[in-house]
Asks: 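Okay, here's the structure, questions in a sec.
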Amino acid sequence: MKQINKGFPGVLRAFLFVALIGLFAGCGYNFRADGRPVGIEIESLAIPLVESTSSIRGFEADFTRILREEFISHGKVPLASSTQAQAVLRGKIREIREDPLSYDSQERRVHGRLTTYEVTSSRRLRVRLDIKLIDRRTGKVIWHEGKMEERAVYKVDTDPLRNRYNRKLALEKIARRLAKRIYLKTMERF
């Protein structure tokens, strides 16, 4: 019995050593810090204007700009036109939804009666995106995500211009989050 107990820690150490080697050798994930994609070859990339079926217009250009900036700032794959690039990243904003998130109550006298109104003080903004990376030469879809989604909250004020500005900032925050996810899905796949 004592021999088994003495040998057990050595067996345990050997098992852990073999398990760690197997873990590092078999995962298939490589760290690459050179800004090139992992697992696929992309010589050049086109990011055309993101389309939108949403009722909120004008966000497409901002989203496309933020997406391009994400690839330019981190990656070393050159951006090119849709007719020249080896791969094309096509996106369509399927939905931009705004929902009231919190309310303030206000009491007012109307025709002598005290009336309580609920006024929205913040809204939740949700953007749903359909995006895919296509090999332009073959037409093959490299990856596709049909329901990529991000959310942000913005404050609602009595000034409509401030509300538009706050909503624009929330949309840009969502665009940055989505752009980062799209970049990682394209460049650091495993």
Side-chain angles (χ1 to χ4, degrees), residues 20-99 101 123-154 164-190:
L20 284 173
I21 288 177
L23 179 68
F24 289 122
C27 73
Y29 182 74
N30 300 349
F31 291 103
R32 190 182 271 186
D34 66 355
R36 296 226 158 265
V38 175
I40 56 173
E41 286 298 320
I42 298 177
E43 298 163 15
S44 58
L45 178 67
I47 305 175
L49 183 67
V50 173
E51 299 173 17
S52 179
T53 59
S54 169
S55 60
I56 297 177
R57 293 288 184 211
F59 177 57
E60 301 91 340
D62 288 336
F63 184 83
T64 304
R65 175 185 50 81
I66 290 169
L67 185 56
R68 288 174 180 165
E69 287 172 356
E70 182 71 23
F71 277 84
I72 290 168
S73 67
H74 298 302
K76 291 191 178 170
V77 174
L79 294 185
S81 70
S82 295
T83 58
Q84 301 294 319
Q86 180 255 321
V88 180
L89 191 60
R90 295 211 182 273
K92 182 178 268 187
I93 298 167
R94 293 289 184 191
E95 180 182 28
I96 299 177
R97 183 173 171 175
E98 287 184 89
D99 295 311
L101 184 62
R123 290 186 169 273
R124 176 179 293 133
L125 201 56
R126 183 181 78 194
V127 174
R128 183 171 290 155
L129 178 71
D130 182 324
I131 190 145
K132 58 186 149 190
L133 181 65
I134 304 164
D135 186 324
R136 189 185 62 79
R137 293 177 217 164
T138 64
K140 179 184 171 198
V141 175
I142 298 169
W143 66 262
H144 177 238
E145 177 102 19
K147 295 181 180 178
M148 190 175 277
E149 184 177 307
E150 283 292 337
R151 299 173 183 190
V153 174
Y154 72 94
R164 280 183 64 185
Y165 178 74
N166 289 345
R167 181 173 73 178
K168 180 176 171 44
L169 291 179
L171 284 169
E172 287 177 358
K173 181 186 248 184
I174 289 171
R176 280 187 197 77
R177 289 178 187 159
L178 286 169
K180 186 165 288 303
R181 287 175 58 191
I182 292 164
Y183 174 83
L184 291 173
K185 190 163 184 73
T186 302
M187 305 298 278
E188 297 184 13
R189 304 173 56 194
F190 62 94

Asks: Could you list the residues that satisfy salt bridge (charged side-chain N to carboxylate O under 4.0 Å, His left out) with E95, not counting sequence neighbours?
Replies: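 Here the qualifying residues are R126, R128.
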Asks: With a 4.0 Å cut-off on N to O distance, would you call R137 and E43 a salt bridge?
Replies: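 Here R137 pairs with E43 in a salt bridge, since their nearest N and O are under 4.0 Å apart.
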Asks: Do you know which of H144, K92, K147 makes side-chain hydrogen bond (donor to acceptor under 3.5 Å, both in side chains) with D130?
Replies: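 Exactly one option meets the side-chain hydrogen bond (donor to acceptor under 3.5 Å, both in side chains) with D130, and it is H144.
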Asks: If I take atom CZ from residue R124 and atom CG from residue L101, how far apart are they, to the nearest 0.5 angstrom?
Replies: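 One finds 5.0 Å between CZ of R124 and CG of L101.
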Asks: Look only at the side chain of R136 and the backbone of A85, and say whether a donor-acceptor pair between them is shorter than 3.5 Å.
Replies: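 Answer holds: yes.
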Asks: Report yes if the side chains of D62 and R65 come closer than 4.5 Å at any heavy-atom pair, otherwise no.
Replies: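 Yes, side chains in contact.
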Asks: Would you sort out whether L169 and K173 count as a side-chain contact (heavy atoms from CB on, under 4.5 Å), showing the intermediate values?
Replies: CA-CA 6 Å; L169 291 179; K173 181 186 248 184; over 6 Å; no
Asks: Are any non-hydrogen side-chain atoms of L133 and L45 less than 4.5 angstrom apart?
Replies: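 Yes - at least one pair of side-chain heavy atoms lies under 4.5 Å apart.
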Asks: With rounding to the nearest 0.5 Å, note down the distance linking CG in L129 to CZ in R94.
Replies: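 Atom-to-atom, L129:CG and R94:CZ are 9.0 Å apart.
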Asks: Look at atom CZ of R177 and say whether more than 12 heavy atoms of other residues, nucleotides or ligands are closer to it than 6.0 Å.
Replies: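 More than 12 heavy atoms, drawn from other residues, nucleotides or ligands, come within 6.0 Å of this atom.
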Asks: Measuring from atom CD1 of I142 to atom NZ of K185, what distance do you get when rounded to the nearest 0.5 angstrom?
Replies: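 Atom-to-atom, I142:CD1 and K185:NZ are 12.0 Å apart.
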Asks: Of all residues at least two apart in sequence or in a different chain, which pass the side-chain contact (heavy atoms from CB on, under 4.5 Å) check with T83?
Replies: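 Counting only residues at least two positions away or on another chain, T83 forms a side-chain contact (heavy atoms from CB on, under 4.5 Å) with S81.
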Asks: Taking the side chain as C-beta and beyond, is there a heavy-atom pair between M187 and V77 under 4.5 Å?
Replies: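 Result yes, sub-4.5 Å side-chain heavy-atom pair found.
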Asks: State, yes or no, whether a side-chain contact exists between R176 and I66 at a heavy-atom distance under 4.5 Å.
Replies: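 Yes, side chains in contact.
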Asks: Looking only at non-hydrogen atoms, find the nearest pair between A152 and A170 and report the distance.
Replies: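 Looks like CB-O, 3.9 Å.
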Asks: What's the spacing between R181 CZ and E145 CD if we round to 0.5 Å?
Replies: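 Between R181 CZ and E145 CD, I get 6.0 Å after rounding to 0.5 Å.
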Asks: Of all heavy-atom pairs between V88 and S82, which one has the smallest distance, and what is that distance?
Replies: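 Answer, listing the atom of V88 first, then S82: CG2-O, 4.1 Å.
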Asks: Roughly how far apart are R164 CZ and L171 CG, rounded to 0.5 Å?
Replies: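 Taking CZ in R164 and CG in L171, the distance rounds to 11.5 Å.
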Asks: Return the set of residues passing ring pair (Phe, Tyr, Trp, His ring centres under 6.0 Å) with F59 (not counting sequence neighbours), or none when no residue passes.
Replies: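 If we apply the ring pair (Phe, Tyr, Trp, His ring centres under 6.0 Å) test to F59, skipping adjacent residues, the hits are F63.
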Asks: Would you say the side chain of P48 lies within less than 4.5 Å of the side chain of R90, judging by non-hydrogen atoms?
Replies: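 Yes, at least one pair of side-chain atoms sits under 4.5 Å.
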Asks: Can you tell me how far CD1 of I174 sits from CD of E149, rounded to the nearest 0.5 angstrom?
Replies: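 Atom-to-atom, E149:CD and I174:CD1 are 9.0 Å apart.
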Asks: Is the shortest heavy-atom distance from the side chain of I182 to the side chain of I131 under 4.5 Å?
Replies: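 They are in side-chain contact.
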Asks: Does T64 use its side chain to pair, donor to acceptor, with the backbone of V50 at less than 3.5 Å?
Replies: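 Looks like yes, one N/O pair under 3.5 Å.
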Asks: Do the rings of H74 and Y183 sit parallel, tilted or perpendicular, given the 30° and 60° boundaries?
Replies: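 Because their plane-to-plane angle lies in the 30° to 60° range, the rings of H74 and Y183 count as tilted.
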